[in-house]
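Okay, so here's the structure we're looking at.
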Amino acid sequence: MKIATYNVNGINGRLSVLLQWLDEAKPDIICLQELKAPNEKFPQKPLRDLGYTALWHAQKSWNGVAILSRVGEIHEVRRGLPGNPDDMQSRYIEAAVAGIVIAGLYLPNGNPRPGPKFDYKLRWFERLIAHAATLMESGHPVILAGDFNVMPTDLDVYKPERWLDDALFAPEVRAAYFELLEQGWTDALRSLHPGEAIYTFWDYFRNAYARNAGLRIDHLLLSPSLTDRLIAAGVDRHVRSWEKTSDHAPVWVDLRNRSKAKR
DNA sequence: ATGCCTAATGCAATTAGA
């Protein structure tokens with residue numbers, strides 16, 4: 001079973017790229033971020049024509065997350081992170097699909113730092129850590145997938161020294177990421193490719209993709225029972241070279257089917 | 001320090017992204 005995350009940077013502006021990639025890669029479950037469209041403008045029909053049902057949590061202009069599936073019903077668990085009823089930004093959606101709890105998230109960017117946006121990022125991260133702890137304690141197979149807006153280590157940045165003061169690489173943000181991992185989550189891509197520079201984002205400026213001036217900020221974190229099923233993980237980086245493409249590339253994991261002998 | 005690019009909104013220029 002292939003599960004992916006993809007920050008599309010505008011689902012309607014990038015729809016042809018999204019559909020082409022889905023048709024080519026045929027992932028089973030996909031978490032999308034940055035829909036940048038109101039709920040009523042979610043392109044349900046073209047996705048359904050490709051065999052995907054969808055659940056989305058969007059808002060006008062900014063943010064917006066969705067879960068797509070072609071392997072069975074999407075059972076919504078929650079939309080929005082608990083812990084702040086005043087938070088109106090559509091950045092979190094959680095559903096049960098094919099026996100797995102899928103948490104799709106779009107962590108705040110946080111720039112400029114310092115400032116209110118950075119404070120919001122840190123508070124949002126704290127809420128994620130608290131909620132992820134309850135998911136971990138549940139014992140269910142869980143995957144936290146999305147745009148975390150964090151490069152965990154120097155290896156995840158083309159030029160780390162230039163990013164030290166940035167909200168995506170600040171010490172307190174990386175510390176929050178590792179505090180989350182310490183609950184028992186496995187960073188799927190890094191666990192299978194230790195020591196390898198792999199990026200998921202290249203900005204539109206300065207010919208960044210051609211220079212491979214990238215960042216690794218999109219992550220798939222697996223609970224222990226899913227880590228045992230992890231076969232492969234990768235980035236479909238060629239999608240970043242397409243016309244009208246997002247500044248992110250899709251990231252995916254391949255999981256072994258549940259063993260009947262063990263159940 | 002800022003622009004470089006791109007999208008959404010809405011029809012010009014601003015906000016936001018990372």
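Reckoned from all heavy atoms, side chains included, excluding hydrogens, waters and symmetry mates. By convention in this document, chain letters (A, B, ...) are assigned in the order of the sequence lines, proteins followed by strands, and residues within each chain are numbered from 1. Treat the numbers as computed from the prediction; the structure is a model and nothing was measured.
- dC4(B) and dT9(B) are spaced 23 Å apart, taking the C1' atom of each and rounding to whole Å.
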Tabulated below should be each protein N or O lying under 3.5 Å from an N or O of nucleotides 10-15 of chain B; please produce it.
none

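- Contact record, Phe118(A) with Val173(A): CE1-CG2, 3.5 Å, taken as the closest heavy-atom pair.
- The residues Asp87(A) and Arg123(A) are annotated as not salt-bridged, no charged nitrogen and carboxylate oxygen being separated by less than 4.0 angstrom.
- Spacing between atom CD of Glu34(A) and atom C1' of dA8(B) amounts to 11 Å, rounded to whole angstrom units.
- With rounding to whole Å, Arg113(A) atom CZ is found 17 Å from dG17(B) atom P.
- A residue-by-residue look at Leu107(A) and Lys41(A) shows that Lys41(A) has its nearest nucleotide of DNA chain B further toward the 5' end.
- A side-chain contact (heavy atoms from CB on, under 4.5 Å) with His131(A) is found for one member of Glu94(A), Glu126(A), Met136(A) and no other, namely Glu94(A).
- A straight line from CG of Asn12(A) to C1' of dA7(B) spans 11 Å, rounded to a whole angstrom.
- Lys41(A) NZ: 12 or fewer foreign heavy atoms inside a 6.0 Å radius.
- At the heavy-atom level, Asp247(A) lies nowhere under 4.0 Å from the strands shown.
- Rounded to whole angstrom, the span from the CZ atom of Arg206(A) across to the P atom of dC4(B) amounts to 11 Å.
- The phosphate of dG17(B) has neither OP1 nor OP2 within less than 4.0 Å of any side-chain N or O from His248(A).
- Nucleic acid contact for Phe148(A): none, since no nucleic acid atom lies under 4.0 Å from a heavy atom of the residue.
- Among dA18(B), dC5(B), dA8(B), the nucleotide with an atom closest to any side-chain atom of Ser61(A) is dA8(B).
- In this structure, the CZ atom of Phe205(A) is 8 Å from the P atom of dC4(B), given to the nearest Å.
- Between dA1(B) and dA13(B), the two P atoms lie 27 Å apart (nearest whole Å).
- Environment of CZ in Arg162(A): sparse, with no more than 12 heavy atoms of neighbouring residues, nucleotides or ligands closer than 6.0 Å.
- Between Asn111(A) and dA18(B) there is no side-chain polar atom (N or O) within less than 4.0 angstrom of OP1 or OP2.
- Residue Lys244(A) is in sugar-phosphate contact alone, with no base atom involved, counting any heavy-atom pair closer than 4.0 Å across all strands shown.
- Cation-pi geometry between Arg216(A) and Tyr199(A) is not met: the NZ or CZ atom fails to fall both under 6.0 Å from the ring centre and inside 45° of the normal.
- A side-chain contact (heavy atoms from CB on, under 4.5 Å) with Gln59(A) is found for exactly one of Gln89(A), Lys36(A), Met88(A), namely Gln89(A).
- Members clustered with Leu19(A): Tyr6(A), Val8(A), Ile11(A), Leu15(A), Val17(A), Leu18(A), Trp21(A), Leu22(A), Ile30(A), Leu32(A), Leu35(A), Phe42(A), Leu47(A), Leu50(A), Tyr52(A), Trp56(A), Leu68(A), Val239(A), Trp242(A), by chain and number, using a 4.5 Å side-chain heavy-atom cutoff among hydrophobic residues.
- When rounded to the nearest whole Å, the span between CG of Leu15(A) and C1' of dA7(B) equals 15 Å.
- Atom CZ in Phe201(A) sits roughly 12 Å away from atom P in dT6(B) (whole-Å rounding).
- With P as the reference atom, dC11(B) and dT6(B) are 23 Å apart, rounded to whole Å.
- For Pro38(A) and Tyr204(A), each mapped to the nucleotide of DNA chain B holding its nearest heavy atom, the one lying further toward the 5' end belongs to Tyr204(A).
- For the pair Asn149(A) and dA18(B), the criterion of a side-chain N or O lying under 4.0 Å from OP1 or OP2 is met.
- Among the protein residues, Asp218(A) comes within range of no part of the nucleic acid, since none of its heavy atoms lies under 4.0 Å from any strand.
- With distances taken from any side-chain atom of Arg14(A) to the nucleotides dA18(B), dG17(B), dA7(B), the minimum falls on dA7(B).
- Only the P atoms considered, dT15(B) is 14 Å distant from dG10(B), to the nearest whole Å.
- Looking at residues two or more places apart in sequence or on another chain, you find a salt bridge (charged side-chain N to carboxylate O under 4.0 Å, His left out) between Arg70(A) and Asp28(A).
- For Asp166(A) against dA18(B), no side-chain N or O and base N or O form a donor-acceptor pair under 3.5 Å.
- Asn7(A) comes within 4.0 angstrom of the backbone, heavy atoms only, and of no base.
- The separation between Arg91(A) atom CZ and dG17(B) atom P is 7 Å, rounded to whole Å.
- Distances shown here put every side-chain N or O of Tyr158(A) at or beyond 4.0 Å from the OP1 or OP2 atom of dA18(B).
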